[in-house]
Amino acid sequence: MEEEIIIKNLQQILEQIKGYAITAGRNPEEIKLCAVSKFHPVEAVYSAMKANQMLFGENRVQEAYSKFTEINEDEEIVIKPELHIIGSLQTNKVKKAVEISSCIESVDRKELLDEIEKQCSRLNKNIRVLFELHTGEDSKSGYESYDILKESVALCAQGKYPHIIADGFMTMAPFTENEETIRNSFQTLRNTAEKLRSEFPSLPLKELSMGMSNDYKIAIQEGSTIVRIGTAIFGEREYPIKISEEL
Ligand SMILES: *Cc1c(COP(=O)(O)O)cnc(C)c1O
């Protein structure tokens, strides 16, 4: 997509986020926009950066790694963008994921925490994670139950993962036109977060990553602090731009 269009889309979405926040009685500064650049070429990321967008989301590590190492090695880019990994993560991809990202939003099992800790301690790097909760989306991603999720959060609170900052929660709403279904999903995440914050007051657990191109208004009404928006910024994705080994 052309650069001017990406820039215009970004400006419009930021305005909308602000409007939705104010209408919901919230401070717009509490809400971060994560621009989801998956399946779009690195040029699209450069275009968004021209509009001062500095937070990106990618769901496939291989693709993210090639795009974001290119940007990180680009000497003309002085201030580097921040990358969140938002897609379900295989254990053998954790090493690369940890190298290139500041936050893994899609933690969905204890084994992943073990591996993230191992790789971070090798790199001597701290990383933020969000726990993904399955709240009804058609795919199976995310923790299936509150109890299993709580076990993972408890391990963080016990200090088992010194390089991991347990920063909050993420979910994907079901893909539907039904607003109530979507709202229920976001409310489930918020209620879960509230319960776990009071169980584990020593952990930050502050972020609620929820809301995508077609439902971020509802997500903001329900307390989202990170909206992950792809299509509304970069246009429709072309599947696949690259057949990677992850498919
Ligand atoms: C692709 C994706 C998004 C962005 O979806 P859009 O509908 O294009 O805004 C957000 N979150 C996750 C986890 C994704 O995989």
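Just follow the structure's listing: the first ligand is 1, and inside any ligand the first atom is 1.
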task = Report yes or no: does N214 have a heavy atom closer than 4.0 Å to ligand 1?
result = no
Is it true that [X] and [Y] have a side-chain N and a carboxylate O under 4.0 angstrom from each other?
{"X": "E115", "Y": "K118", "value": "yes"}
{"X": "R128", "Y": "E82", "value": "yes"}
{"X": "K195", "Y": "E199", "value": "no"}

Would the number of heavy atoms belonging to other residues, nucleotides or ligands and lying under 6.0 Å from [atom1] of [X] be above 12?
{"X": "K50", "atom1": "NZ", "answer": "no"}
{"X": "Y146", "atom1": "OH", "answer": "yes"}
{"X": "K110", "atom1": "NZ", "answer": "yes"}

Using a strict cut-off of 4.0 Å, indicate which atoms of ligand 1 neighbour a heavy atom of [X].
{"X": "R228", "value": "4 (C), 9 (O), 10 (C), 11 (N), 12 (C), 13 (C)"}
{"X": "I86", "value": "11 (N), 12 (C), 13 (C), 14 (C)"}
{"X": "M172", "value": "13 (C)"}
{"X": "I229", "value": "9 (O)"}

message = Are Y216 and Y20 an aromatic pair, judged by ring center distance below 6.0 Å?
response = yes
key: Under 3.5 Å: N/O of G230 near N/O of ligand 1   = yes
message = Please check whether T231 reaches ligand 1 - meaning an N/O of the residue sits under 3.5 Å from an N/O of the ligand, judged on distance alone.
response = yes
request  = Record the part of E105 in heavy-atom contact with ligand 1 below 4.0 Å; permitted values are side chain, backbone, both and neither.
outcome  = neither
task = With atom 7 (O) of ligand 1 as the reference point, say which of S88, S106, S213, S209 has the nearest heavy atom.
result = S213
message = I want to confirm something. Looking only at heavy atoms, which of E236, M170, K38, R237 is nearest to atom 14 (C) of ligand 1?
response = K38
